[in-house]
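The structure is given below, and queries will be raised subsequently.
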Protein chains: 2
Amino acid sequence: MKRIELDLVFGALSDPTRRGMLERLAEGETNVRTLAEPYDISQPAVSKHLAVLERAGLVARTKHGREHRIRAVPAPLEEARSWIGHYARHWKRQFDAVEAYLEAHDMKTEASAPAPRRDTKKET
Amino acid sequence: MKRIELDLVFGALSDPTRRGMLERLAEGETNVRTLAEPYDISQPAVSKHLAVLERAGLVARTKHGREHRIRAVPAPLEEARSWIGHYARHWKRQFDAVEAYLEAHDMKTEASAPAPRRDTKKET
DNA sequence: GCGTTTCATAACCGACCGGTTATGTATCCG
DNA sequence: CGGATACATAACCGGTCGGTTATGAAACGC
């Protein structure tokens, strides 16, 4: 369930136009037209991008007459950041260990050691 | 250029199988078969997922004989996290302001005030 | 050498994505 | 009222995506 949400959040972030819109929204609420301004795409394309962002919960909409004011919603982003952060810690540790190993054995650039010096203790 | 990279990173993260693989990689390097084990998909499908992760720079590969040892690479994730973090600060501020406003005016749930009490000073 | 294992590549399929044009629906305004 | 403005929706199109089966290539082990 959370999985699906993350799918949508990361999926929404994978497009530069949508990221650009979110960046713009950091400056404050705007209507759709203003949000679309920097991009050389049709108005329906903008509506679609907004729909994607909305489905992911990244933006919310408040109708003011014929205008739709769009604002960013930080919660899903925090979730995404948290996911990354949670695993990044492990990865970093892992990565550092590998780096240290390669460094120590002077094996940078493509390992593959075909005839291994068998004094390495096979660390399962 | 960085834009394209972020596209790839977020795009790679938008799939639950690939996120699962990264989670698994937090526990350490593995070969492709082991990485594929939890998923009920064909081996070529796994290869494709790995290719996506590799293109995004999230994963690196070292051939050991016929095995390909896969490991996580933290750098692109840090970049993604940093992007989120950079704008999340603004969004949060923005969001809190809006929340406070709605709270103060008791306007939670769908605003749109059709017949506005016209003592509000029209704040552009 | 030969079968097995590990993985990649090719070709194909249905679904979705990002874009378009055309049209519809409210709302504002003169 | 009627036109203009702000937006959504529908229908379509080419490309990518996630999956498949079939096949290929390289390394291991007997």
Side-chain angles (χ1 to χ4, degrees), chain A residues 3-4 6-22 29-56 58-71 110-116 118, chain B residues 3-4 6-22 25 29-56 58-71 110-116 118 122:
Chain A
R3 298 302 147 87
I4 295 172
L6 274 183
D7 287 10
L8 294 177
V9 172
F10 283 127
L13 293 180
S14 72
D15 184 275
T17 301
R18 286 189 295 261
R19 282 202 309 279
M21 288 177 171
L22 286 178
E29 241 185 14
T30 53
N31 58 24
V32 177
R33 180 181 41 80
T34 306
L35 203 55
E37 221 163 46
Y39 307 101
D40 193 21
I41 58 179
S42 66
Q43 174 258 317
V46 174
S47 280
K48 282 195 183 182
H49 281 304
L50 278 178
V52 172
L53 289 169
E54 216 169 357
R55 275 197 66 204
L58 287 167
V59 302
R61 176 190 313 247
T62 310
K63 297 184 189 178
H64 274 259
R66 59 182 162 181
E67 275 190 357
H68 295 200
R69 306 261 179 91
I70 311 292
R71 65 177 180 281
E110 266 303 39
S112 168
R118 23 92 297 192
Chain B
R3 297 302 147 88
I4 296 174
L6 274 183
D7 288 9
L8 294 177
V9 172
F10 283 127
L13 292 179
S14 72
D15 185 274
T17 301
R18 286 190 295 261
R19 281 202 309 280
M21 288 176 171
L22 287 177
L25 286 175
E29 243 186 13
T30 52
N31 58 22
V32 177
R33 179 182 42 78
T34 305
L35 203 55
E37 221 163 46
Y39 307 101
D40 193 21
I41 58 180
S42 65
Q43 173 260 316
V46 174
S47 280
K48 282 195 183 182
H49 281 304
L50 278 178
V52 171
L53 289 169
E54 217 170 355
R55 275 198 66 204
L58 287 166
V59 138
R61 176 189 311 248
T62 310
K63 298 185 187 176
H64 274 259
R66 59 182 162 183
E67 276 190 354
H68 295 200
R69 306 264 180 87
I70 311 292
R71 64 177 180 281
E110 265 302 39
S112 166
R118 28 91 290 197
K122 183 194 229 305

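The chains referred to below are lettered A, B, ... by the order of the sequence lines, with proteins before strands, and numbering in each begins at 1.
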Gap separating the CG atom of A:L22 from the NE2 atom of A:H49, nearest 0.5 angstrom: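 Here the interatomic distance stands at 11.5 Å.
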Rounded distance (nearest 0.5 Å) linking atom CZ of B:R66 with atom CG of B:N31: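 So the CZ of B:R66 and the CG of B:N31 are separated by 10.5 Å.
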Polar-atom pairs under 3.5 Å, protein N or O versus N or O of nucleotides 11-18 of chain C: list them with distances, or write none.
| residue | atom | partner | partner atom | Å |
| --- | --- | --- | --- | --- |
| C:dG18 | OP1 | A:R18 | NH2 | 2.9 |
| C:dG18 | OP2 | A:R18 | NH1 | 3.2 |

Rounded distance in Å - CD (B:E67) to P (D:dA27):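 In whole Å, D:dA27 P lies 13 Å from B:E67 CD.
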Atom-to-atom span, CG of B:D7 to C1' of D:dC17 - whole angstrom: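 For the pair B:D7 CG and D:dC17 C1', the rounded distance is 15 Å.
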Rounded interatomic separation in angstrom, taking CG from B:L50 and P from D:dC17: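 One finds 15 Å between P of D:dC17 and CG of B:L50, rounded.
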Min side-chain heavy-atom separation A:V46-A:L35 under 4.5 Å: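 Of all side-chain heavy-atom pairs linking A:L35 with A:V46, none is under 4.5 Å.
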Interatomic distance, B:I70 CD1 vs C:dT6 P [rounded to whole Å]: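 For the pair B:I70 CD1 and C:dT6 P, the rounded distance is 14 Å.
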Euclidean distance, A:R19 CZ relative to B:L6 CG, rounded to 0.5 Å: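 B:L6 atom CG to A:R19 atom CZ measures 4.5 Å (nearest 0.5 Å).
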A:L53 CG - D:dA8 P separation (whole Å):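 Atom CG in A:L53 sits about 12 Å away from atom P in D:dA8.
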Can you name the atoms? Protein N/O to nucleotides 26-30 of chain C N/O, anything below 3.5 Å, with the distance.
| residue | atom | partner | partner atom | Å |
| --- | --- | --- | --- | --- |
| C:dT27 | O2 | A:R66 | NH1 | 3.4 |

With B:A60 via side chain to side chain contact (heavy atoms under 4.5 Å, CB included) - residues at least two apart: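 B:R71, B:V73.
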Within residues 33-43 of chain A, residues whose heavy atoms come under 4.0 Å of DNA chain D: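 Result for residues 33-43 of chain A: A:R33, A:Q43, sorted by number.
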Contact under 4.0 Å: A:H68 side-chain N or O vs D:dA8 OP1/OP2: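 Yes, A:H68 has a side-chain N/O under 4.0 Å of OP1/OP2 on D:dA8.
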Partners meeting salt bridge (Lys or Arg N to Asp or Glu O under 4.0 Å) with B:R18 (sequence neighbours left out):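 Applying salt bridge (Lys or Arg N to Asp or Glu O under 4.0 Å) to B:R18 gives none.
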With B:S47 via side-chain hydrogen bond (donor to acceptor under 3.5 Å, both in side chains) - residues at least two apart: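 For B:S47, the residues satisfying side-chain hydrogen bond (donor to acceptor under 3.5 Å, both in side chains) (neighbours in sequence not counted) are B:Q43.
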Minimum side-chain heavy-atom gap A:L50-A:R61 below 4.5 Å: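 Yes, their side chains come closer than 4.5 Å.
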Gap between atom CZ of B:R69 and atom NE2 of B:H64 - 0.5 Å precision: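 Interatomic distance, B:H64 NE2 to B:R69 CZ, rounded to 0.5 Å: 4.5 Å.
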B:E54 side, atom CD; B:H68 side, atom NE2 - distance, nearest 0.5 Å: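 It comes to 9.5 Å.
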Separation between CG of A:L53 and OG1 of A:T17, rounded to the nearest 0.5 Å: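 The OG1 atom of A:T17 is 10.0 Å from CG of A:L53, to the nearest 0.5 Å.
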